[in-house]
Structure formats: C-alpha cells, structure tokens
Amino acid sequence: MAMACSGHMPVEAAKPQPRTHFLACDSPSNSRKIFASSLHFLGKDPAPCRRFHASHIKNAPFARRSKLAVSRSDSIRDYSLEVVKSFIPELVAMAKPDPLKIMLSGAPASGKGTQCELITKKYGLVHIAAGDLLRAEVAAGSENGKRAKEYMEKGQLVPDEIVVMMVKERLLQSDSLENGWLLDGYPRSLSQATALQEFGLQADLFILLEVPEEILVERVVGRRLDPVTGRIYHLKYSPPETEEIAARLTRRFDDTEEKVKLRLRTHHQNVEAVLSMYKDITIKVNGDAPKENVFAQIDNALSKLLEQGKATSGSLAA
C-alpha cells in the first residue's frame, strides 16, 4: 500500500471559481448590454480570477485595442480580475446610449429638407439623402448616373441595385456610426427597406411627413435652386432676397406639374408597403404647418428616444 511522503500535506482540490457571463460579441448592441451588466459583478466579486471564453473575448472591441494577447483557440483561459477590471472604463463607455438612427420620409416637397436641416443642427446627426447621392452621380455623368436619370425623368423609382450599396456604404462610414444618422427620403420601396434590414441597418424611428397633394404640387412647381449656394427657394413662399439671386435661379428638370404628379403617384404606391416594415417605430407628422410647429413634433419624439436610451444605459451600468 503506497504511503504519503512524510512532511507533505495532502493537496486540497482547487475550488471551482465563479464564472461570469460569456462576453458574446455577436453585435455591438448586444456587446454593450452584456459588458455593462457585468460591471457591477466584476467590481465586487472577491474571486482572484475570472473565466472567459477566449474566442469571444478576442473579438471584443476593447480586446482588439488592448495589448492583451488572447489565444486564437476556442479553449477556456483564466484572466486575473485586475486585468479584466482594467477594461472597465471602456466597458462603461460602451454602455452609453447608441447614437440616434432616424429615417425621415415624405412625398416630394413635403418639407423633408427643411426638417433635416433643423434636426441635424440640434442633434448633430449625419444627414444622408439618397436623392442627393443620385443627383451627384447624374451630374458626374457616370454610368449609374445616366441610368438613374432615365428613371428620374419619368418620375419612376431608380432600381435598387444602383442605390442600395451606395446608401449602405454611407451609413457604415465612421462619422455615421459615431454620431448617428438621419436617412432622408430612403427607403422608398419595400425592396429597399428589406435590403437595409438584411444589412442589419435598423432605424430607431421612422418619421412620415403628411401633406395634402394639391399643396405638394404647388410647392414643387414654384421651387427654384440657386446653383451658386445650393439653396432652395420658392417663388411664393420663400422668394430670393435680391434680383441678382433671382436671375441665376434654375428649375430642376423634374420640378414640373406633370412629372411631380407621376412622382406622387409612385410615392403613394410604395409608402404603405414601406410603413409595413416600420409600423412599430413610425410616427406621422402633419407637414402642412409652419416649419417650427412641424419640428416641435419631431423634436419631442427624438427627445423621448434619447431619454429612453439614457435610462436604459443607466440601468445597465448601475
């Protein structure tokens, strides 16, 4: 019978250490929530080490930016509590509310441009207008621009393949991700909305400006563009300040009564389908009112969104 070596005490089996939640990083939003919910636990647990799944931690943003060498294997590794706690400032920052992601829709001349200007001025969102992107291509005379112009002149929607990737890439640029974005006049069809959803681009709020059709036609027909400043005027509602400006104003090729009625018909055919994708986050705003009153309705909705975001972030980091 084997005897224990004299002078040696039996080694007590190591007690299993409590484990944290896996830091699954399947999406930035889920990562923030899981990281934030772990802060209280990490800060007070007396255990000397924590266990994390290496394949999850190595892909986390804070791990990629750190000097911590993380195994590429899928095995479990132990990290000291002090090492993990060194990430807490970044975890707290990640628990901050996500920037606003807003879609603003409405028929031609419903006031989207005016409201976008007011929204971006107050909230600092990146203004992204699919129409401006398309017109830039038309002006540049690119192949896509030539194809787009054919449809625009007929008052029809430009095919999705021309604009979807362009919009997606703009939404994923760093300034949009950091500051939030305001998508102006897009998506305009169910297929466009579906494409954005498949790319994982989801808005917090879909705002629809509603204006009677006869008013829309009047607004479009009287609209003029200053090619020097890019400012939009209206011969009746917002006339140019000087004769010099008035002399250089131009009319967009599709701002005629015939073409605007075609565009309105197309808009009405598609808007209901688009709304079906965003019915849970849609608010309808009366656009036939002074611009200050229209913005007050929108401002109220955005303020509530921010407050909800702060409340959620605060509860996660508490």
Side-chain angles (χ1 to χ4, degrees), residues 26-29 99-110 112-113 115-116 120 125-209 216 220 225 230 252-256 258-282:
D26 57 326
S27 73
S29 178
L100 290 174
K101 299 180 285 294
I102 308 299
M103 292 176 176
L104 181 66
S105 182
S110 59
K112 297 189 299 295
Q115 295 307 315
C116 284
T120 54
L125 305 181
V126 175
H127 178 210
I128 302 170
D132 289 344
L133 294 176
L134 283 171
R135 281 187 286 275
E137 293 288 332
V138 171
S142 67
E143 188 60 34
N144 278 340
K146 293 175 182 177
R147 293 174 58 200
K149 185 176 181 180
E150 294 178 5
Y151 290 90
M152 293 168 69
E153 287 180 336
K154 298 175 184 177
Q156 298 175 356
L157 291 176
V158 177
D160 291 345
E161 63 267 21
I162 298 178
V163 293
V164 168
M165 293 304 296
M166 187 191 317
V167 172
K168 173 202 169 187
E169 290 170 3
R170 187 65 188 90
L171 290 175
L172 294 178
Q173 289 183 16
S174 60
D175 58 342
S176 300
L177 295 174
E178 293 171 8
N179 302 317
W181 44 260
L182 173 62
L183 190 51
D184 176 2
Y186 193 92
R188 294 181 179 178
S189 68
L190 181 60
S191 58
Q192 292 172 354
T194 301
L196 289 180
Q197 189 176 63
E198 290 174 349
F199 287 133
L201 299 168
Q202 178 63 41
D204 300 314
L205 191 66
F206 187 95
I207 303 169
L208 177 64
L209 298 178
L216 292 172
V220 170
L225 169 69
R252 241 173 56 177
F253 67 85
D254 55 350
D255 277 356
T256 64
E258 180 182 1
K259 286 187 171 63
V260 73
K261 286 184 176 180
L262 286 173
R263 290 158 63 197
L264 289 174
R265 191 178 308 151
T266 302
H267 167 77
H268 293 313
Q269 289 172 350
N270 288 278
V271 68
E272 290 302 322
V274 172
L275 290 177
S276 69
M277 292 282 292
Y278 302 109
K279 59 184 178 181
D280 294 333
I281 60 170
T282 295

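Model, not experiment: these values are computed from the prediction. Just so you know, residue 1 is the first one in the sequence shown, and it goes up from there.
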Value rounded to 0.5 Å, distance of NZ in K149 from NZ in K146: 10.5 Å

Residues T266 and N270: closest non-hydrogen pair is O-ND2, 2.8 Å

Taking every heavy atom of G230 against every heavy atom of L225, the minimum-distance pair comes out as O-CD1, 3.6 Å

Output the distance between atom CG (L190) and atom CG (L275), rounded to the nearest 0.5 Å. 11.0 Å

Once rounded to the nearest 0.5 Å, what's the spacing between atom CZ of F206 and atom CG of D280? 13.0 Å

Residue pair H127 / D184, side-chain heavy-atom distance below 4.5 Å: yes

Shortest non-hydrogen pair, D254 vs R263, comes out as O-NH1, 2.9 Å

Determine whether S105 and V274 make a side-chain contact, defined as any pair of heavy atoms from C-beta on separated by less than 4.5 Å. no

Do the non-hydrogen side-chain atoms of P108 and L264 ever get within less than 4.5 Å of each other? yes

Correct closest heavy-atom pair for V220 and A109 would be CG2-CB, 3.3 Å

Do the non-hydrogen side-chain atoms of I162 and L134 ever get within less than 4.5 Å of each other? yes

Is there a side chain to side chain contact (heavy atoms under 4.5 Å, CB included) between L183 and L196? Walk through the geometry before answering. CA-CA 12 Å; L183 190 51; L196 289 180; 4.1 Å; yes

Do K154 and L262 come close enough that some side-chain heavy atom pair is under 4.5 Å? no

How long is the straight-line distance from CG of L171 back to CG of L177, given to the nearest 0.5 Å? 8.5 Å

Looking at every non-hydrogen atom in both residues, tell me the closest pair between Y278 and A193 and how far apart they are. OH-CB, 3.6 Å

For residues V164 and Y186, determine if any side-chain heavy atom of one lies less than 4.5 Å from a side-chain heavy atom of the other. yes

Within the side chain of K112, is there an N or O that forms a donor-acceptor pair under 3.5 Å with the backbone of G106? yes

Quick check on Q197: does its CD atom have over 12 non-hydrogen neighbours (other residues, nucleotides or ligands) under 6.0 Å away? no

Could you state the interatomic distance from CD1 (I207) to CE (M103), rounded to the nearest 0.5 Å? 11.5 Å

Taking side chain as C-beta onward, heavy atoms only, is L100 less than 4.5 Å from L125? yes

Can you name the nearest heavy-atom pair linking V126 to D175, along with the distance? CG2-O, 3.5 Å

Can you confirm whether E161 is buried at CD, in the sense that more than 12 heavy atoms of other residues, nucleotides or ligands lie under 6.0 Å from that atom? yes

Would you say that Q202 contacts I281 through its side chain, given a criterion of any heavy-atom pair below 4.5 Å between the two side chains? yes

In this structure, CG of L104 is separated from CD1 of I102 (nearest 0.5 Å) by 9.5 Å

